[in-house]
Structure formats: C-alpha cells, structure tokens
Peer 1: 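Dropping the structure in here first, questions after.
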There are 2 protein chains.
Amino acid sequence: MSNPSSEAPRLRADAARNRERLIEAAKEVFGEAGATASLEAVARQAGVGIGTLYRHFESREALVGAVYQREIDRLVEAAERGSPDGPRAAIRAWLHLFVDYIAAKKVLVSAMSQAPSSLEAIMGAVKVLLDRAIEAGEVRADLRPEDLMHALAGLAYAHDRAGWRESALRLIDVFVAGLAP
Amino acid sequence: MSNPSSEAPRLRADAARNRERLIEAAKEVFGEAGATASLEAVARQAGVGIGTLYRHFESREALVGAVYQREIDRLVEAAERGSPDGPRAAIRAWLHLFVDYIAAKKVLVSAMSQAPSSLEAIMGAVKVLLDRAIEAGEVRADLRPEDLMHALAGLAYAHDRAGWRESALRLIDVFVAGLAP
DNA sequence: ACTGTAGCGGAGGGCCCCCTCCGTTTTATA
DNA sequence: TATAAAACGGAGGGGGCCCTCCGCTACAGT
C-alpha cells in the first residue's frame, strides 16, 4: 500500500518475471474456469513449477487478490469521481462500467466472493455513490449499500449466457428507474 | 410426467425406501455444501452404498432434479395462477415467493444453474408473468424473460449473507417500481 | 571468473472424488 | 418354504488437487 518497490529486499530478475507470468496466467485460467480453478493449472499455463507459484503466493486468495487489485482500484476511483449529470446518473454510469469489467474479465465476481478485501473495496465504492444520491434526494432513502451489492451480484451472475450484456444493461435501466424516491 | 407409479415395473420395497432416503440426504447435503457436493457424501448421509446412488440416479443432474422438482412445480403453478391485483403485482408477489423459497431451501439457485430442465421450467413461469404484464401495458415492453431471470439470480446470489432477505425484498420493490413503462 | 544464495521445479504423500463391477443380501412370488 | 430376480454395497482403478520439501540452477555482486 505504501511504496511497494522498497517494501521487500527487491526481487531477483527471474523471480520478478515469474511473478508477472503467474499473474498473467492466473488471469487467463481464472477467466476461463472461475476462481476455483486448479492452481496447478495456473502454474502449467505460466510455464512454471507449482513450487514457484506457492513461493510467490501463499494462498489462492493472495493470487486472486493480485490479479484483480488493479481492476478493483479503478472501479473504486470511478465511483469517487462521480458524474457531471448528478448522483443517480453516476450510479447508472458506474453500473455500466461494472458490466464492462465483468464482460472483459469474467471472474471479478468470484474474486469478490472469495477475497473479502476486494469485497470491502467495492462495497466502499458503492457506499460513496449511494450516499451522495440519497443526500441529493435522487434516490429513495431506505436503500443500503448491500442492496446495491446484491443487485451487482445479480448482474454478474450467469454472465456467460448469450445476450447477457444487453440483458444486464436493460436491468440497470429498470433498476435505476426504480430508484427514484 | 404422466402417472408415475405405472411408468416403470414398480420398485421393490427396499429400493423405494432407499430412493427416498437418497433424495432426503441430497436435500441436506446440497443444502449445506451446494449442488457440487460430493455424491459419495450424499450416499454416506443416506446410509447407502455409492453403487445404490448411481443405480437410482444416473447423473448428478438427475439427483438435483429429483430434489427440486416439487418446489419448481409449485413456483410454476404460482406464476400461472397470477394475482387479483394485476400482472405487475403478480410479478412482485411471485418474486417474494421466490425469495422465500430460496431462504428455505438454499440451493434452488445452484439447481437452476446445474439442471437445464429446472431452468427451463422457471423460465417458462417468468415468461407467463412478463407477457401478461406487458400485454396489460403495466410493464415496459422491451423487457425479455431472461432479464427477469437475471434479476432473480441476483436475488438468489449471496443468499447466505446476513440480512439478505430484507435486502432482497427492498430490491424487489425498486425493481418493480422501475418496471413501469 | 567465482561463489554464496535466492529462487526454481517437480516428485511425492495425503486426500478426495468419480464411476464400475460383481459377490452378497433381500425381496417377491410360486 | 424355496428360488429366481432385483437390489445392495463397497472395494478398487483411475484421476485430480493441494501443498511440502529439497537437490539443482542461475543470478548478482565482488
């Protein structure tokens, strides 16, 4: 979280390379088979021994976390940035962004359900959006961040069915329309 | 689907008993560990050999189907029954019913995603509800049954978190409010 | 170039799962 | 009660996965 390159004694060149390869491989493998895919498959895909994987990432969760940290950071930033068209529009825009993230990297969802820290980060983003919108009187006041999270999860669930993306965007419209107080 | 007790040559008493036990055990085990739980665990729980399980249910899907057939039938019937307060109210009521089903038997969801036939049955129910509501002009016409299914999946997803049920009911209200044309 | 050491790989033990096969037990019927 | 047929159960072959451990490799600093 602070300066990352001065935190540990610095990695040897081959170690750094392998670490990067593992993350890249995990992105692919998890993207195809979900976040419960075999770690040995990840190591194979990275062209690296299983021992190397375990040296770099203590647990499956650590690996999942490394893969999605960047994406999650971006989502959080987008939520904080807001929208010029007001808080409810910001929610809509953010949900659209979320859909695109899911469409691209299929596993954000399982990352969310497997790595509690990721979940918290996204929850924080959602809270920001919702608080602003409620404060502005644009959204009914009985909603809680978890509600939106659940809606999100719904968007993400079954994201591999054909036509999912269009369906998700329609759902968002319905949902945002229903948000009015 | 037709008279079931005359379909096959009739089961021997012990066979019928074990079949029942297996379904009961599957209900418990799947309820606890999800529909991917080990079939051997189901057999153990039923106090029955693994061979017996496989003789009665050709595949995991067949077992899942047997477990949830009745619940799914009821959901389908409820959708066809409708509501005296109009088609949109019927959707709302049906979603509430769905929530209760999920709250009680935790695995309906995974049943849906694992057994295509269950999915189709529920899809049919949703279509009935939606068609009526659109025809009556109570719901925007661009919605498709899959959209509602996705919303459903969302309701079901993460159904084990604390406070899930209240959150789901709030979401339904938001959603139904947004359904207006 | 030399050498200490960080880092590598993958064999191997332990565990669980799937599914088949067949000797044994239970049931239904004559 | 005797017997054919149905049903049972669980051992066992095959496979995958998790994770540890340690002899070997290749990098970095002198």
Side-chain angles (χ1 to χ4, degrees), chain A residues 4-67 107 110-111 113-115, chain B residues 4-67 107 110-111 113-115:
Chain A
S5 60
S6 73
E7 199 123 300
R10 241 308 248 357
L11 286 174
R12 231 172 62 179
D14 52 348
R17 178 168 19 92
N18 282 335
R19 191 166 201 288
E20 202 50 43
R21 274 188 192 168
L22 278 167
I23 293 183
E24 208 54 43
K27 202 175 272 183
E28 280 181 43
V29 173
F30 288 163
E32 226 138 273
T36 62
S38 127
L39 297 187
E40 272 167 344
V42 172
R44 268 196 303 276
Q45 166 81 20
V48 135
I50 182 68
T52 299
L53 185 154
Y54 275 97
R55 201 167 328 96
H56 282 292
F57 302 98
E58 225 180 7
S59 64
R60 150 179 260 106
E61 194 189 300
L63 182 53
V64 172
V67 169
V107 228
S110 31
S113 57
Q114 292 235 341
Chain B
S5 61
S6 72
E7 198 123 304
R10 214 40 191 325
L11 286 174
R12 236 171 62 177
D14 51 349
R17 177 167 20 90
N18 282 336
R19 191 166 200 291
E20 202 51 43
R21 274 188 192 168
L22 278 166
I23 293 182
E24 208 55 44
K27 202 175 271 181
E28 281 181 44
V29 173
F30 287 163
E32 225 139 275
T36 63
S38 125
L39 297 186
E40 272 166 345
V42 172
R44 270 197 301 277
Q45 166 80 20
V48 134
I50 183 66
T52 299
L53 185 153
Y54 275 96
R55 201 166 328 96
H56 282 292
F57 303 97
E58 224 181 8
S59 65
R60 151 179 259 106
E61 192 189 300
L63 181 53
V64 172
V67 169
V107 229
S110 31
S113 56
Q114 292 237 339

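Keep in mind it's a predicted model, so treat the numbers as computed, not measured.
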Peer 1: If you take all heavy atoms of A:R19 and A:L11, which pair is closest and at what distance?
Peer 2: CD-CD1, 4.0 Å

Peer 1: To check you understand the geometry: which heavy-atom pair defines the closest contact between A:L22 and A:A46, and what is its length?
Peer 2: CD2-CB, 3.8 Å

Peer 1: Could you tell me whether the phosphate oxygens of D:dG9, OP1 or OP2, come under 4.0 Å of any side-chain nitrogen or oxygen in B:T52?
Peer 2: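 Result: yes.
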
Peer 1: OP1 or OP2 of D:dA7 sitting under 4.0 Å from any side-chain N/O of B:H56?
Peer 2: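 False: B:H56 side-chain N/O out of range (4.0 Å or more) of D:dA7 OP1/OP2.
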
Peer 1: What closest approach, in Å, do A:L63 and A:L53 show between heavy atoms, and which atom pair accounts for it?
Peer 2: CD2-CD1, 4.4 Å

Peer 1: If you compare all heavy atoms of A:I50 against all heavy atoms of A:E40, which two are closest, and at what distance to 0.1 Å?
Peer 2: CD1-CG, 3.6 Å

Peer 1: For the pair made of CG in B:L53 and P in D:dA7, what is the distance, rounded to whole Å?
Peer 2: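 To the nearest whole Å, that distance equals 15 Å.
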
Peer 1: Show the nearest heavy-atom pair for residues B:H56 and B:A15, with the distance to one decimal.
Peer 2: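 Shortest heavy-atom contact: CE1-O, 3.5 Å.
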
Peer 1: Treat primed atoms plus P, OP1 and OP2 as sugar-phosphate and everything else as base, then score nucleotides 18-30 of chain C 5' to 3': B for base contact with protein heavy atoms under 4.0 Å, S for sugar-phosphate contact only, - for none.
Peer 2: BBB-----BSS--

Peer 1: Which heavy-atom pair separates B:A37 from B:V29 by the least distance, and what is that distance?
Peer 2: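 Heavy atoms of B:A37 and B:V29 come nearest at CB-CG1, 3.7 Å.
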
Peer 1: B:N18 or A:R44: which one's nearest nucleotide on DNA chain D is closer to the 5' end?
Peer 2: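 With B:N18 and A:R44 compared, the 5'-side residue is B:N18.
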
